[in-house]
Amino acid sequence: MGLAKRIIPCLDVTDGRVVKGVNFVSLRDAGDPVEIARRYDEQGADELTFLDITASSDNRGLILHIIEEVAAQVFIPLTVGGGVRAVDDVRRLLNAGADKVGINTSAVTNPQLVADASARFGAQCIVVAIDAKQVSAPGEPLRWHVFTHGGRRDTGLDAVAWAKKMEQMGAGEILLTSMDRDGTKIGFNLDLTRAVADAVGIPVIASGGVGNLDHLVDGILKGRADAVLAASIFHYGEYSVEQAKRYMAEHGIEVRL
Amino acid sequence: MSHIAVVDYGMGNLRSVAKALEHVAPEARIRVTSDAGEIAQADRVVFPGVGAMPDCIRELDARGLRGALIEAARAKPFLGICLGMQALFESSEEGHAAGLGVLPGKVRLFPAAAMHDAQGQRLKVPHIGWNEVNQTAPHPLWQGIPSGSRFYFVHSYYVEPGAAGLAAATTSYPFAFACAVASNNIFAVQFHPEKSQAAGLRLLANFVAWDGTTRV
């Protein structure tokens, strides 16, 4: 027995509410972030991830208050990402109660931010979030590119090479989202997950596409992810986190029960 | 009313530690502080921290906290967490930094060559997630916590104690390392009790009630 594989419910937060989109668009309200966080904690979630997708700069500070409130009631690790552009943003989130901070677009526009934040706060609290999309044509060897700005901009960067570079720059963990799968409920992109998980020495969190509990099992056993992240299957009550963990345990995966 | 100082030296998740303490000890006076005088006055001291060891020592010295911490570690119930555990030892491979030298031993990086499980699958570093804490010595801080309970870890370096009998618990990743040490009034853990849900809160509650001896 050793380190457990993690289940991480993800809360996309905009203007103080949890929402969920399909392929990064068409948002649907899923509730109050503090209430949802508390529920997942009670169900045995191993961690929680908050992605601040607030568009307006006026409401950017809201996430700090939400994290403060969650951190006063929920005593499991919290990762917060979205709109992190400077070392000072990282500091503010950590001070509000985040344990790890996710850096996505800014890692591409300013890779030095990853190095600086990692040197300042330690690699263990720097999660580089990668939104990847398949760019190879059918029949070609599989290739994925890194996309930024909420999935709208192709950076031309190879996702596997980028993950390795981020590891070298000081990332402590990779949050890997398949944009082709996000919100589709047809399962993780296992080829992508495995390609990245095998390429780096840091933990990889698989994200994007979970629609049932077999998908979570596949993400670990076939995708070789260290953790699996899901949103909608938990938000709308299809499955509880506890059910998911029991199912994974039945399939030979070590989990915290 | 117990007065607990949470040492603030600019390294990370102090608020989480303070909030978890407030949760288990609502009647206690919990102060996040970088004041040496307050550390000296407190009944108990929590030394948390995440980040890099060279920064940790530099930041402690910049605030003039070295002496107060060493004195507190000699005299009153003292809880080191994560980097606050590592900094108590003599030296670290991280940036070849010297620690406070309160406890004998070294802090080492997980060696890449050893990081495979029994099936040959690569083990990732940092060691992130919930792992089993196997108690190797009875201690008041383990009260009500079954050996083998899972706690949350996030670290790339681990402590190698320089004296037999310091370890209070071990965790396997993939070899057994000391994830908790105990010496008189000092208890220090590599994992994060403030992030380890019920088991972690119990350990913090035990610390708040602890008389600073190793009598069970």
Side-chain angles (χ1 to χ4, degrees), chain A residues 1-8 41-42 44-47 67-79 90-91 93-100 117-127 167 170-174 197-198 200-205 224-227 254-257, chain B residues 8 10-20 22-24 49-56 82-83 94-95 110 112 115 117-118 121-132 134 148-157 171-174 192-201 204:
Chain A
M1 298 298 270
L3 183 64
K5 301 294 182 184
R6 291 169 278 156
I7 294 197
I8 308 174
D41 174 49
E42 282 162 12
D46 295 312
E47 274 182 55
I67 296 307
E68 278 180 18
E69 214 179 317
V70 171
Q73 304 175 40
V74 168
F75 300 100
I76 58 175
L78 309 175
T79 299
V90 177
R91 189 187 56 79
L93 288 167
L94 293 175
N95 281 343
D99 301 284
K100 301 188 253 187
S118 179
R120 178 70 184 84
F121 303 108
Q124 78 290 329
C125 67
I126 304 303
V127 181
E167 177 181 18
E173 205 165 30
I174 299 287
D198 284 351
V200 297
I202 53 178
V204 172
I205 304 163
R224 293 199 186 158
D226 301 279
E254 190 165 351
V255 293
R256 177 182 70 107
L257 284 171
Chain B
D8 177 8
M11 301 295 285
N13 64 343
L14 305 168
R15 192 164 297 201
S16 302
V17 175
K19 281 179 169 170
E22 283 161 13
H23 189 82
V24 298
V50 295
M53 180 88 148
D55 294 331
C56 162
C82 194
L83 190 57
E94 188 173 25
F110 280 115
M115 302 316 286
D117 66 14
Q121 188 156 333
R122 184 178 188 178
L123 295 174
K124 303 297 184 82
V125 176
H127 173 222
I128 299 183
W130 299 76
N131 208 332
E132 290 171 336
N134 300 304
S149 296
R150 288 184 186 275
F151 286 81
Y152 185 79
F153 288 82
V154 49
H155 63 123
S156 300
Y157 294 80
T171 287
S172 290
Y173 195 69
H192 290 270
E194 77 282 9
K195 289 288 159 180
S196 297
Q197 227 202 8
L201 294 175
L204 292 176

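So you know, we letter chains A, B, ... as the sequences are listed, proteins then strands, and number each from 1. No hydrogens, no waters, no symmetry mates; every other heavy atom, side chains included, goes into these values.
Looking only at side-chain heavy atoms (C-beta outward), B:H192 and A:D99 stay at 4.5 Å or farther from each other. Side-chain contact check for A:F75 versus B:H23: some heavy-atom pair is nearer than 4.5 Å. Looking at heavy atoms from C-beta onward, A:V74 lies out of side-chain contact with B:Q197 at the 4.5 angstrom threshold. Side-chain atoms of B:R15 and A:L94, non-hydrogen and from C-beta on, never get closer than 4.5 Å to each other. Between A:I76 and B:W130 there is a side-chain heavy-atom pair separated by less than 4.5 Å. The closest side-chain heavy-atom distance from A:I202 to B:K124 is not below 4.5 Å.
Heavy atoms of B:Q121 lying under 4.5 Å from chain A belong exclusively to its side chain. Residue B:S196 touches chain A through its backbone alone, counting heavy-atom pairs closer than 4.5 Å. Residue A:E254 touches chain B through its side chain alone, counting heavy-atom pairs closer than 4.5 Å. For a residue to count as touching a neighbouring chain, one of its non-hydrogen atoms must lie under 4.5 Å from one of that chain's; by this rule B:L201 touches chain A with the side chain only. Both the backbone and the side chain of A:D41 come within less than 4.5 Å of a heavy atom in chain B. In this structure, chain B has a heavy atom under 4.5 Å from the backbone of A:V255, while its side chain stays farther away. Looking at A:R6, only its side chain comes within 4.5 Å of chain B, counting heavy atoms on both sides. Residue A:A227: no heavy atom, backbone or side chain, is found under 4.5 Å from chain B.
From A:E173, atom CD reaches atom CD1 of B:I128 across 3.5 Å, with rounding to the nearest 0.5 Å. Residue B:F153 holds its CZ atom at 14.0 Å from CD of A:Q124, rounded to the nearest 0.5 Å. Interatomic distance, NZ of B:K195 versus CG of A:D46, reported as 13.5 Å (0.5 Å rounding).
If you tally non-hydrogen atom pairs under 4.5 Å between each of A:G44, A:P77, A:A72 and chain B, the highest count goes to A:P77. Of the listed residues (B:H127, B:M115, B:E94, B:M53), the one with the most heavy-atom contacts under 4.5 Å to chain A is B:H127.
Using a 4.0 Å cut-off between charged nitrogen and carboxylate oxygen, B:K19 and A:E69 do not count as a salt-bridge pair. Under a 4.0 Å N-O distance rule, the pair B:D55/A:R120 does not qualify as a salt bridge.
Minimum heavy-atom separation, B:P126 to A:G172: CD-O, 3.3 Å. The minimum heavy-atom distance linking B:S16 with A:G97 is given by the pair OG-O, 3.7 Å. When all heavy atoms of A:L3 and B:R150 are compared, the closest pair comes out as C-NH1, 4.2 Å.
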